[in-house]
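The figures that follow rest on heavy atoms only: side chains count, while hydrogens, waters and symmetry mates do not.
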Amino acid sequence: MTWARLFAVNMDVRDGKSLEMKLALLTNTEKYEATGIWQKYVDGLARPFRKWVPYPKAPLVGITAAIWPEVRAWFYTPAWYLLEKKEYLPSQIAACIALLPRSYREILIPDPDKHSPAGLVLRELWPDLIYELAYPVTPWALGALACAFRRAELAGQLAVYRRAAVGIVWVLDQLMPTLDPWVQEPLLRLRSRVVQMIDAAVYPGGLMLRFSTADLKSFSRGVDEVRKRRKAPFNLDAELEKIKADNTK
């Protein structure tokens, strides 16, 4: 739904029939017959593929991406697949990571080995690493955080699980104000679903920590540190001194 609405807004329309007609004109379709399928897409009543997998075969997405390339990231970010209410195998999580841009893949699977089982190539994560996945703020960041979220769930790392979920909410909060209110609707539902996942987590001793704005403030500070570090000029002498100090500990 989000993908279809984003494309519609970019085409300056707000309904499926107008979008279908405009797309037919842009792709030089000789005959046009309204099927109503685009209305189902924008209403969330249909998906443009038959099998729901990390990278579904969706020819219509390729057509829309040829017109507006940015829409591809919104469709293929694996957040949609990984935030379904189901359990995930290591192979499915690894397949989702493979879809991400290289910068995210290198964090989640630093040394890929095609001959190793998926459960062994997935990197063991720690809470502070999650901030690295949230910057820059893009649809791919949502997917990377969803991969970390499910990876942590698989490994029983509750602290990482919670931080990755908070990260998804934080990234959504950064992205939504830049979008048309019509596009924001399904993203708000996604946000609510992730908040429910955070609230439902049970920690050792039966402790349950409800999501709060304090989580977002803390996460924002973590991302700010990543932003400052990446924008800071590289100092080779300082880095060598740091390595030297680490080696003498």
Side-chain angles (χ1 to χ4, degrees), residues 1-4 6 44 47-58 61 71-110 112 117-127 129-176 183 186-201 211 215 219 223:
M1 181 194 303
T2 303
W3 151 76
L6 275 163
R47 289 169 165 172
F49 50 80
R50 291 185 178 181
K51 187 178 181 182
W52 192 207
V53 293
Y55 192 90
K57 294 180 180 179
V61 177
V71 81
R72 185 181 180 281
W74 277 101
F75 183 84
Y76 283 114
T77 180
W80 310 119
Y81 178 75
L82 289 171
L83 294 177
E84 295 279 349
K85 294 180 179 179
K86 56 178 285 188
E87 294 183 359
Y88 296 86
L89 299 172
S91 58
Q92 293 172 313
I93 298 172
C96 287
I97 293 172
L99 299 177
L100 300 170
R102 181 178 178 180
S103 59
Y104 299 109
R105 296 199 310 269
E106 289 177 341
I107 294 174
L108 293 164
I109 304 182
L120 297 180
V121 303
L122 295 175
R123 181 176 190 167
E124 183 176 354
L125 303 172
W126 58 92
L129 192 65
I130 300 304
Y131 300 131
E132 300 282 346
L133 300 173
Y135 181 79
V137 175
T138 67
W140 292 119
L142 285 176
L145 288 164
C147 289
F149 175 73
R150 290 305 185 187
R151 168 70 180 95
E153 180 183 47
L154 199 66
Q157 296 177 288
L158 285 174
V160 178
Y161 174 91
R162 180 184 179 87
R163 186 161 297 180
V166 170
I168 293 170
V169 175
W170 184 86
V171 170
L172 284 170
D173 284 354
Q174 310 312 303
L175 290 171
M176 284 191 292
V183 179
L187 294 178
L188 284 168
R189 290 201 289 272
L190 179 65
R191 186 188 190 280
S192 296
R193 182 187 300 177
V194 177
V195 169
Q196 289 172 4
M197 292 177 176
I198 295 172
D199 289 346
F211 172 80
D215 290 311
F219 196 89
V223 176

Measuring from atom CD of Gln92 to atom CG of Leu154, what distance do you get when rounded to the nearest 0.5 angstrom?
10.5 Å
Under the ring pair (Phe, Tyr, Trp, His ring centres under 6.0 Å) test, residues paired with Tyr135 that sit two or more places apart
none
Quick check on Lys86: does its NZ atom have over 12 non-hydrogen neighbours (other residues, nucleotides or ligands) under 6.0 Å away?
yes
Qualifying residues under salt bridge (Lys or Arg N to Asp or Glu O under 4.0 Å), relative to Glu153, sequence neighbours excluded
Arg150
Can you tell if the side chain of Leu187 reaches within under 4.5 Å of the side chain of Trp74, non-hydrogen atoms only?
yes
What I'd like to find out is whether the side chain of Ser103 reaches to under 4.5 Å of the side chain of Trp140, using heavy atoms alone.
no
Nearest non-hydrogen partners of Cys147 and Leu108, listed with the distance:
CB-CD1, 3.9 Å
Closest approach of Pro48 to Trp3 (non-hydrogen atoms, all atoms of both residues):
CG-CZ3, 3.5 Å
Could you check whether any side-chain N or O of Gln157 sits under 3.5 Å from a backbone N or O of Leu125, counting only pairs where one atom can act as donor and the other as acceptor?
yes
If we ignore hydrogens and angles and just use 3.5 Å, is the side chain of Tyr88 paired with the main-chain N or O of Tyr81 as donor and acceptor?
yes
Between the main-chain N or O of Pro139 and the side-chain N or O of Thr77, is there a donor-acceptor pair closer than 3.5 Å?
yes
Tightest non-hydrogen contact, residues Ala164 and Ile130, listed as CA-CG2, 3.8 Å
Please identify each residue that fulfils side chain to side chain contact (heavy atoms under 4.5 Å, CB included) with Pro127, with sequence neighbours left out.
Ala159, Val160, Arg163
Rounded to the nearest 0.5 Å, what's the gap from CD1 on Ile107 to CZ on Arg105? Could you check?
11.5 Å
Just so I know, are the side chains of Thr2 and Leu190 near enough to count as touching, which here means a heavy-atom distance under 4.5 Å?
no
In this structure, NZ of Lys85 is separated from CD of Gln196 (nearest 0.5 Å) by 6.5 Å
Can you list everything that forms a salt bridge (Lys or Arg N to Asp or Glu O under 4.0 Å) with Arg102? Sequence neighbours excluded, please.
Glu106
Rounded to the nearest 0.5 Å, what's the gap from CD1 on Ile93 to CG on Leu82? Could you check?
7.0 Å
Heavy-atom side-chain contact between Tyr55 and Pro78 under 4.5 Å:
no
Scanning both residues in full, the closest heavy-atom pair of Phe49 with Ala58 reads CB-CB, 4.4 Å
Out of curiosity, Glu132 CD to Tyr104 OH, how far, rounded to the nearest 0.5 Å?
11.0 Å
Applying side chain to side chain contact (heavy atoms under 4.5 Å, CB included) to Ala134 and not counting sequence neighbours gives Leu145, Trp170, Val171, Phe219, Val223
Please collect all salt bridge (charged side-chain N to carboxylate O under 4.0 Å, His left out) contacts where either partner lies in residues 165-176, sequence neighbours excluded, each pair once.
Asp173-Arg191
First locate atom CD1 of Ile168, then atom CG of Leu83, and finally report the distance between them rounded to the nearest 0.5 Å.
5.0 Å
Set of residues satisfying side chain to side chain donor-acceptor pair (under 3.5 Å) with respect to Tyr161, sequence neighbours excluded
none
Considering residues at least two apart in sequence or located in another chain, which fulfil the salt bridge (Lys or Arg N to Asp or Glu O under 4.0 Å) criterion with Glu84?
Arg47
Sorted by chain and residue number, the side chain to side chain contact (heavy atoms under 4.5 Å, CB included) partners of Trp126 (sequence neighbours excluded) come out as Arg123, Asp128, Leu129
Using the test ring pair (Phe, Tyr, Trp, His ring centres under 6.0 Å), find all partners of Phe211 that sit at least two apart in sequence or belong to another chain.
none
So do the side chains of Val194 and Phe149 get within less than 4.5 Å of each other, counting heavy atoms only?
no
Using the test side chain to side chain contact (heavy atoms under 4.5 Å, CB included), find all partners of Leu188 that sit at least two apart in sequence or belong to another chain.
Met176
